[in-house]
Enquirer: 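One structure follows; several queries about it will come next.
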Amino acid sequence: MSTLPFVAHVLDWYDENARDLPWRTADASPWGVLVSEIMLQQTPVSRVLPAWQAWMSRWPTPTAMAADEPGEAVRMWGRLGYPRRALRLHECAVAITTRHDGELPTDLDALLALPGVGAYTARAIASFAYGQRHAVVDTNVRRVLSRVVTGVADTAPGSAARDLALAEPLVPDDPAVAAKYAVAVMELGALVCTARAPRCADCPVVDDCAWFRAGKPAYDGPAKRPQGYAGTDRQVRGRLLAVLRDATGPVPQGALDVVWNEPVQRARALDGLVADGLVDPLPDGTYALPGAARAN
DNA sequence: CAGCCGTGGCC
DNA sequence: TGGCCAAGGCT
């Protein structure tokens, strides 16, 4: 079948405008792609870049990482945010080492079975690392397709199934072209068709865009409720974990108590960290990153 | 499925 | 200044 104009324009644009990102180079390993995808979940590229370099330098393979304690992954994660991702990445390394002989699986279902790898990330790895043909839908693609195809400024929170149904008809037949298209649409959303101030004057698909043709009507859908952060358990968890990250070993209860003055919320946050496996309560009443006691 | 899970930069 | 946003996933 012939390639749609939209797709062809996106592909041509990508040839000239793709960023030079280290996980996109020809010698980037599937493991490197996986690490980048996990880090990029809700964290901007600029902050991921140095973290990815350090991570790959320390743990060039899943097997190397699996040999270290999970707490080391949490510590190395630093301030990327959502530290459960670090834990899941370590679990991934262990699963890949024990179940897949240290090599990332290429099969979509096997990728989906890995901890922390969902509908987006599994398809991203299968596409970027293995050149398979998949509809790869992240927040960028969702926004681009919402505008270009549906003519709506922004995306109402939708289901993965609905996203894939919208995206699938546009995916080129040839796997190699499809893989390039997948990264190219994402790039367009990240650089041109942005959430706040889309650069329609520089957009390669402005003539294909239903939203632009309609005069760029403002978003009219259901309001997304603000997330909030100050005063939440998330903020307390962040402070507690920062203490453990910055310590060289187990810390006494008192070192944690000083970061938040409200004892009920503080205790709830700490319990949550323990329940998530991000913190180990030790028999002597101190606390440590998971596995740190064993490593000492 | 709605709510939860960190952090920092930008307008 | 502060709400919004950034390559989601899990329960």
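So that the names make sense, note that chain A is the first sequence line, chain B the second, and so on, each numbered from 1.
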Enquirer: Expressed in angstrom and rounded to an integer, what is the separation of A:Y120 atom OH from C:dC10 atom C1'?
Expert: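 Checked: the OH to C1' distance equals 18 Å.
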Enquirer: Who else is in the cluster with A:Y287 when I, L, V, M, F, W and Y are joined by side-chain contacts under 4.5 Å?
Expert: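 Besides A:Y287, the hydrophobic cluster comprises A:V74, A:L87, A:V236, A:L240, A:L241, A:V243, A:L244, A:V251, A:L256, A:V258, A:V259, A:W260, A:L270, A:L273, A:V274, A:L278, A:V279, A:L289, listed by chain and residue number.
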Enquirer: A:W59: which residues meet the ring pair (Phe, Tyr, Trp, His ring centres under 6.0 Å) condition with it, sequence neighbours left out?
Expert: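 By the ring pair (Phe, Tyr, Trp, His ring centres under 6.0 Å) rule, A:W59 matches A:W55.
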Enquirer: side-chain contact (heavy atoms from CB on, under 4.5 Å) with A:Q53: which residues, sequence neighbours excluded?
Expert: A:P22
Enquirer: Does anything in residues 252-269 of chain A come within less than 4.0 Å of DNA chain C? Heavy atoms only, and list the residues if so.
Expert: none
Enquirer: Listing request: all side chain to side chain donor-acceptor pair (under 3.5 Å) pairs with a residue in residues 155-170 of chain A, at least two apart in sequence or in separate chains.
Expert: A:R133-A:E168, A:R142-A:D163
Enquirer: What is the distance, rounded to the nearest whole Å, between atom CD of A:E187 and atom P of C:dA6?
Expert: 14 Å
Enquirer: Would you mind reading off the distance between A:W52 atom CH2 and C:dA7 atom P, rounded to a whole angstrom?
Expert: 19 Å
Enquirer: Give me the other members of the hydrophobic cluster that A:L112 sits in, counting Ile, Leu, Val, Met, Phe, Trp and Tyr linked by side-chain heavy atoms under 4.5 Å, directly or via other members.
Expert: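 A:L108, all in the cluster of A:L112.
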Enquirer: Under the side-chain contact (heavy atoms from CB on, under 4.5 Å) test, which residues partner A:D207, sequence neighbours left out?
Expert: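 None.
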Enquirer: Measure from CG on A:L188 to C1' on C:dA7 and round the result to the nearest Å.
Expert: 14 Å
Enquirer: Between P on C:dC5 and CG on A:D138, what's the gap in Å once rounded to a whole number?
Expert: 15 Å
Enquirer: Please report the distance separating the P of B:dC10 from the corresponding atom of C:dA7, rounded so that it comes out in whole Å.
Expert: 15 Å
Enquirer: Is A:Y219 isolated, or which residues cluster with it under the ILVMFWY side-chain rule of less than 4.5 Å, directly or via members?
Expert: A:V152
Enquirer: Treat primed atoms plus P, OP1 and OP2 as sugar-phosphate and everything else as base, then score nucleotides 4-11 of chain B 5' to 3': B for base contact with protein heavy atoms under 4.0 Å, S for sugar-phosphate contact only, - for none.
Expert: -BBBSBB-
Enquirer: In whole angstrom, what separates A:R123's CZ from C:dG9's C1'?
Expert: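 Those two atoms, CZ and C1', are 14 Å apart.
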